[in-house]
A.B. asks: 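Before I ask anything, let me first share the structure, which is written out below as structure tokens.
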2 protein chains.
Amino acid sequence: MSTARTPFTLAPVSGVRSETVRSANLATILRELHFHGPASRSELVARTGLTRSAIGALVGELVKADLVSEQRAASDGSPGRPSPVAAPIPERNVTLAVDVAVDSLGVAAVGLGGVVLRSERIDRPRERVAVDATIDDIVAMVGRIEAALDPGVRVLGIGVGVVGLVNRTDNSVSIAPNLGWHDVAFGDRLQRALGRKVDVVVSNDADLAALAEVRRGVATGAREVLYVWGEVGVGGGLISRGEPITGAAGFAGEVGHVPVNPDGRPCRCGSTGCWETEIGEGALLERSGRSPDGGRDAVDALLADADAGVPAALDALAVEARWLGIGLAGLVNVMNPSMVVLGGLLGRVFPYVHDEVLAEIDRRALASARRGVVVVSSALAGDAPMLGAAELAFEPVLADPLGTLRKISTRR
Amino acid sequence: MSTARTPFTLAPVSGVRSETVRSANLATILRELHFHGPASRSELVARTGLTRSAIGALVGELVKADLVSEQRAASDGSPGRPSPVAAPIPERNVTLAVDVAVDSLGVAAVGLGGVVLRSERIDRPRERVAVDATIDDIVAMVGRIEAALDPGVRVLGIGVGVVGLVNRTDNSVSIAPNLGWHDVAFGDRLQRALGRKVDVVVSNDADLAALAEVRRGVATGAREVLYVWGEVGVGGGLISRGEPITGAAGFAGEVGHVPVNPDGRPCRCGSTGCWETEIGEGALLERSGRSPDGGRDAVDALLADADAGVPAALDALAVEARWLGIGLAGLVNVMNPSMVVLGGLLGRVFPYVHDEVLAEIDRRALASARRGVVVVSSALAGDAPMLGAAELAFEPVLADPLGTLRKISTRR
DNA sequence: GCAAGTTTGTCATCTTCTGCGACAAACGTC
DNA sequence: GACGTTTGTCGCAGAAGATGACAAACTTGC
């Protein structure tokens, strides 16, 4: 019947039925509780615009599904019948978050509402970074974490952050130079190793850190955010309209490989003059007269020198500031964010070079795009990718609570 | 049936009621007809997943609202009762599109479905670029265009594209260097001059060209698109998830001012080594030994030389290609688009340097992000911004057909 | 300690909108 | 011209939120 048409659909072509309404309203309430914490029914009425009866029925359904509990409000002194407070139940609804970093491995159980219930992080030597060893370690850690959780707990999803380029369409790792991984179907393999039917979603760790900052960090509530994370390599996450920009296959946000100095030094990606070659840990250390692979200890020493006013350290930081500003200016012109968040090494360095970075941005970014941009260091330290992974794993439940629960329970 | 998967919506805190469902379904049908052209009721049933009765009622309402007409289908030889074909009524539902370019002014009436019903473009001398003169000219052109339209026509919205930085939050032009404008409340002033209560929406012309390419040009249906438009200046439009990225205040997409050569030549924006200084018309002409402000004629001559194999022209194009590739590689790493569209001068030059540009992208973009990226020249030539402006103006009607019509008719 | 005022949960009923199924209309085929 | 197929139409059912009346639970004031 259908004459061949564009396989693409411009608008989300899908009819809406009554049950869609229910699902959307349940999702709205659960999101509200997950992101803004416990709220009384009357607060929910005010925030959603729904009526008392509708809220009553909706919250009732969430309670019945064991996602939410209702308790009498602590009297706050105002007149009128007290409104029961609805709160997410973290102990019974968790996601497992995994962070595959360069030299460590983290696993956490995060409860609905964003509470970290248990977490564990292990350093790992070079010989444990292979895919199989990583999966074995994760399985062991997950086992320990789960053993410590409440018996009635449900795992709603598993989110994984990996230092590398992740294909979001199939949860595979395309390439992770720091791990030596290449085209690994990591999501599928981990899911099989865990023996679960719960979905495993994999994403780039910088993207997840950005998500975490927007959900629960310094950028909470901001809708247009540029997150740049730098250590040895430099990555980033872009948030637009409050949601991550993934790009066609999930590779968006690789800001570390924007050419800022096309005749500069070679980058391990094969190009030359990538931003990463100018602001990465190696460049910073080298400029201060240190070995480029001195690691975290060398950075600590450098910053201590800067505190002490050692000229070599200050000079190195000044150059770092210039290149940091140059790259940020370009990205500000491209994205017009309301906030720029710097994580990792960059977040540590930024307080030392605050003025110089902003000056460089002023010099190079268009006044209109630059106006109102706030630049800050990350607030979430090293756990940001893990928190982001948990949020990613919560997403299906938040989008369609009862439908997702049904799917999980039937599949197990 | 498949509820549109909308990941990551941070609580659009608003309850959904029954009437929202009707509005959403009307919007879905109208979008379908506007973007994919006439469709039989049974086709609409198949595409939306709604039932025959629902489609019947919904289309009936659109017909009653004079947005859509129904006609007997031309018999196509298949058995069964023929399904009436619903089609948008362009003659009765139009938006006015205005394009404020550097040396010309365009106005068009675009009918529902995207048909250009009337259009007019005037060249204008330097002394007519002032704001008042521009508004006077637009008002006169709109008068002429409207006089030629059907009597029963409704103007559903007015969209304006301006060569300059436009603040989308208040429809003002922050700065338009080519016009000498600075902080002009252009939307408000034009609306007053036109004496209309219909909303006037203003946007950057490159952003609108990008929108046009995604809606009705080479990128139709693509969801992640990078559009780069270059003449004297270089601008761009970013499309993610099928929709434009505006940034915090509407200034996103200023790719022309990404620093690609920080120690390069000064840019009129005050920075140095902006991409624009390397790939703009001026740089291209200068490298070929011509005056940097030779304009379109000089570019024609340059391309003719290239056709003839003149070394100076070929060399200039090779350098242009290199810098074009460098900048695109960076943006591909940042956005991971599925398609890159080049417009204006860049669209004309690209066929000459296709291989060199792609080679430079291969050299500098990460293989993962680069894979599957198609680079093409724009298909819509000079009218792209105007088509985009029309689409922008249609948006409210497409999002809530009856509600917007009601608003328009009561305010007039 | 009790009445009044205020706020909010609950319940029955109404409204809106879509799904479902039966029937009829309009087409092609044999 | 009978038959099969496809599709519009119409009545009815089901789902979900709105409305409004009433009751419950709290504070305040005396």
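Every chain is numbered from 1, with letters handed out A, B, ... down the list of sequences.
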A.B. asks: What integer distance in Å separates L50(B):CG from dT16(C):P?
C.D. replies: 19 Å
A.B. asks: Looking at every strand, decide which applies to T51(A) at a 4.0 Å heavy-atom threshold: base, sugar-phosphate, or nothing.
C.D. replies: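 Base: the residue T51(A), judged by heavy atoms under 4.0 Å, touches a nucleobase.
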A.B. asks: What nucleotide, of dT27(D), dG9(C), dT18(C), holds the atom closest to the side chain of P84(A)?
C.D. replies: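 Closest nucleotide among those given: dG9(C).
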A.B. asks: Taking the basic N atoms (NZ, or NE/NH1/NH2) and the acidic carboxylate oxygens, is any pair closer than 4.0 Å for R168(A) and E224(B)?
C.D. replies: no
A.B. asks: Would you tell me if any nitrogen or oxygen in the side chain of N25(B) comes within less than 4.0 Å of OP1 or OP2 on dT18(C)?
C.D. replies: yes
A.B. asks: Could you tell me the separation between the CD atom of E70(A) and the P atom of dG9(C), rounded to a whole number of Å?
C.D. replies: 8 Å
A.B. asks: If you check the P82(A) side chain, which of dA25(D), dG4(D), dG5(C) turns out closest?
C.D. replies: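 Minimum distance to the P82(A) side chain belongs to dA25(D).
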A.B. asks: Could you give the CG-to-C1' distance, from L402(A) to dA16(D), as a whole number of Å?
C.D. replies: 14 Å
A.B. asks: Using only heavy-atom distances, decide whether a donor-acceptor pair under 3.5 angstrom links the side-chain of S53(B) to the base of dC20(C).
C.D. replies: yes
A.B. asks: Any side-chain N or O of S42(B) under 4.0 Å from OP1/OP2 of dT6(D)?
C.D. replies: no
A.B. asks: Would you kindly give the CZ-to-C1' distance between R41(B) and dT6(D), to the nearest whole Å?
C.D. replies: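 Between C1' of dT6(D) and CZ of R41(B): 14 Å.
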A.B. asks: Rounded to the nearest angstrom, tell me the gap between atom CD1 in I55(B) and atom P in dT9(D).
C.D. replies: 12 Å
A.B. asks: Which whole-number value in Å describes the distance from E43(A) CD to dT8(C) P?
C.D. replies: 10 Å
A.B. asks: In whole angstroms, how far is the C1' atom of dA26(C) from the CZ atom of R81(B)?
C.D. replies: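 These atoms are roughly 6 Å apart.
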A.B. asks: Any donor and acceptor pair, going by atom type alone, linking the side chain of E213(A) with main-chain N or O of V218(A) inside 3.5 Å?
C.D. replies: yes
A.B. asks: Does a nitrogen or oxygen in the side chain of R72(B) sit under 4.0 Å from OP1 or OP2 of dC27(C)?
C.D. replies: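 Result: yes.
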A.B. asks: Which part of the nucleic acid, if any, lies within reach of R52(A) when heavy atoms closer than 4.0 Å are counted: base, sugar-phosphate only, or nothing?
C.D. replies: base
A.B. asks: Working to the nearest 0.5 Å, report the span between CG of L194(A) and CD1 of I158(A).
C.D. replies: 5.0 Å
A.B. asks: Find the distance I29(A):CD1 to dG17(D):C1' and express it as a whole number of Å.
C.D. replies: 12 Å
A.B. asks: Determine whether L26(B) and P401(B) make a side-chain contact, defined as any pair of heavy atoms from C-beta on separated by less than 4.5 Å.
C.D. replies: yes
A.B. asks: Would you say a side-chain N or O of R22(B) is under 4.0 Å from OP1 or OP2 of dT18(C)?
C.D. replies: yes
A.B. asks: Using only side-chain N and O atoms of S78(A), determine if any of them is under 4.0 Å from OP1 or OP2 of dT7(C).
C.D. replies: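 No, S78(A) has no side-chain N/O under 4.0 Å of OP1/OP2 on dT7(C).
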A.B. asks: Among the candidates dG19(C), dG8(D), dC17(C), find the nucleotide nearest to the side-chain atoms of A54(B).
C.D. replies: dG19(C)
A.B. asks: So among L67(A), V68(A), L30(A), V153(A), which one has a side chain to side chain contact (heavy atoms under 4.5 Å, CB included) with N93(A)?
C.D. replies: L67(A)
